[in-house]
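The structure appears right after this line, and notes come after that.
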Amino acid sequence: MKIVIIDYKAGNIRSVDFALQRLGINAVVSADKDILRSADKIIFPGVGHAESAMQHLKNADLDTFIPTLKQPVLGICLGMQLLCSHTEEGNTKGLGIFDVNVKEFKPTNSADKVPHMGWNTTDNLKGELFDSNLFDKVKALPPQFYFVHTYYAELCKDTVASCDYILPFSAALQKDNFYAAQFHPEKSADAGEELLKNFLKL
Amino acid sequence: MLSKRIIPCLDIKDGQTVKGVQFEELRFAGDPVELGEKYAKEGADELVFLDITATHEKRKTLKELALRIAKNLNIPFTVGGGVSSVEDVSVLLEAGADKVTINSAAVLNPKLIEETSKRFGNQCIVIAIDAKVNKSAKWEVHTGGGRKNLGIDLFEWAKEAQERGAGEILFTSMSNDGTKNGFACDVYSKLNQICSIPIIASGGAGTTQHFVDVFNDGKADAALAASIFHFGEIPVPILKKELFEKGIHVRI
C-alpha cells in the first residue's frame, strides 16, 4: 500500500511519518503530483499559520490539485482547516471541500484557555474512521483525542465527530473521499492509532 | 470536557533518567526512552524530558534523544534543558518534539519568547520557571537550574512570558520540589488568575490527594511529577483511576 504524506513546508510530517512507521507503513513524503496521483491514500498534515500554509500550497501548485484527488485523503489539524471553505486565521480562503467556516475560539470566562490544548472527549462518532470495537466498547466513556488549536470548524452536515470546548465544534469531518480530524491521531495514543488503522483500511 | 493532564517528567543526565531532591542529590532511574514508552502505555497524557547535562555536545545529544522519543512514543512530548536560541528550538522541533521548554535563556533574553513563538507558533513554546519563596513571602525566579537568584518576581515574569507569546507555563516550586508534601496550590491559583494560557504544576507531588488539590484548589491544567512515577510509588494508572473516582476529569 502506497501512502503519501503531502510535503508543503507546513506540516508535522515527522510525527505522522513515525506514527505510520509504528503501524508498519513506510510512507512517501512528497509534493510531486504524479507521486500523489499514484498513491493509495494521502495524508495532509499541517501546523502553523493558515495564511502562510495556504501560500506554501499555492507555491507548490497544490491548492487546485488537492480537490481533484480521488483516493482517500486525511487532513489533520491545520490540514483539516485548509480543506474548509474559509478560515478567520489571516482571513484565508480554503480549498472548499467541506462547506464550513473555521472560526477563532473566543474565551467566555477565565477557565476558557486558548489554545484548546490537551485531551478532550469526542461525541456523536460516525463514519468509517470511527467504525471499530475500540470506539464501541468505550461508549460509556467517550474516546479522547489530543487537540492543539486556536481555530475550530463549526458543526456542519459533514461532521462525523464533535467536541465541546467553549462551544460544540467539529472534531472530525467526512465527505466523499475526504476525511479530516482536528485532533492529532498521531499523538492520541491507542485511540489515535485505531483511527489511523481505520483510514488505512479504507 | 477537557481532561486534566498527568505528565511524568524525566530529568536526563548523560543519557540516563535521574531524580534529585530540591534540585540536588541525584539518583538514577533508567533509560529515558524506555521509561517514556512505559508511561505512554500506562496512560500518561504527555511527557517532559529535561536534559540537565552541561556539555557543549548537548545540542546534538538532545536532538538524538528527541528523535528516538518521537519514533517510539504515541503521545505528545516536550523537550528542554539549556535551550537558548531559535536554532536550538528549531533543531528539537525538527527532530519530532511537539513542544520545547525555555527556562533561563528566556529570563536573560525575553525577546527569545517572541522570536520562537512567532516562528514556530506559541503552542510549542513552554516557558519553564523555577522559583522559591523568600523570607518575606515573595516568590523569586531562579535561573541556571535553580542556582542563581535574579530577584525577579514570579508573577510578573509569568505575565510577561505570556504577553511575549508563551503557549504554556511550567512552574516548578523549588520550595516544594522533591519534598512530597504537596504542590504550592495557592501559587498556581494565583498564576491561573494572571494567565490565560495553560499552567503546568510541578514540585511536591507525593499522594493522589496532592493532585486533587492542585487541580481543584490550584486550578492547574496539568500536573507534572517525577519520583513518584520513577520509583513506582504511585503508578500512573492507579493515580488516574483514583483521580477519576474523586471526580477529577482525566483520560482513562
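The model shown is predicted, which means the values in this text are computed figures rather than measured ones. Below, chain A is the first sequence line, B the second, and so on; all start at residue 1.
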Indicate the ring-plane relationship of A/Phe130 and A/Phe145, choosing parallel, tilted or perpendicular according to the 30° and 60° boundaries. perpendicular
Exceeds 12 heavy-atom contacts within 6.0 angstrom, atom CZ of A/Phe65:
yes
The side-chain hydrogen bond (donor to acceptor under 3.5 Å, both in side chains) partners of A/Lys2 (sequence neighbours excluded) come to A/Ser38
Whatever's closer than 4.5 Å to a heavy atom in chain B on A/Ala189 counts as both
Sorted by chain and number, sequence neighbours left out, salt bridge (Lys or Arg N to Asp or Glu O under 4.0 Å) with A/Asp176 holds for none
So, the part of B/Leu73 with a heavy atom under 4.5 Å from chain A: the answer is backbone
Cut-off 4.5 Å, heavy atoms of chain A, and the answer for B/Ala95 is backbone
Note, B/Leu62 side chain near B/Leu92 side chain (heavy atom, < 4.5 Å): yes
Across chain A and chain B, what donor-acceptor pairs are shorter than 3.5 angstrom?
unit_1	atom_1	unit_2	atom_2	d
A/Arg14	NE	B/Glu94	O	2.4
A/Arg22	NH1	B/Ala70	O	3.1
A/Arg22	NH1	B/Lys71	O	3.0
A/Arg22	NH1	B/Leu73	O	3.0
A/Arg22	NH2	B/Leu73	O	3.1
A/Lys113	NZ	B/Asn192	OD1	2.5
A/Lys113	NZ	B/Ile197	O	3.4
A/Lys113	NZ	B/Asp221	OD2	2.7
A/Trp119	O	B/Ser3	N	2.9
A/Trp119	NE1	B/Asp45	O	2.8
A/Asn120	OD1	B/Met1	N	2.9
A/Asn120	OD1	B/Leu2	N	3.3
A/Thr121	OG1	B/Met1	N	2.9
A/Gln144	OE1	B/Ser3	OG	2.6
A/Gln144	NE2	B/Ser3	OG	3.2
A/Tyr146	OH	B/Lys99	NZ	3.3
A/Lys187	NZ	B/Asp98	OD2	2.9
A/Ala189	N	B/Asn74	O	2.9
A/Glu193	OE2	B/Asn74	ND2	3.0

When the 4.5 angstrom heavy-atom criterion is applied to B/Ala70 and chain A, the contacting part is both
Of B/Gly96, B/Pro198, B/Pro76, B/Cys195, the largest count of non-hydrogen pairs under 4.5 angstrom with chain A goes to B/Pro76
Okay, B/Ile199 and chain A: the region with an atom under 4.5 Å from a heavy atom over there is both
For A/Lys33, the side-chain hydrogen bond (donor to acceptor under 3.5 Å, both in side chains) test, sequence neighbours excluded, returns A/Asp61
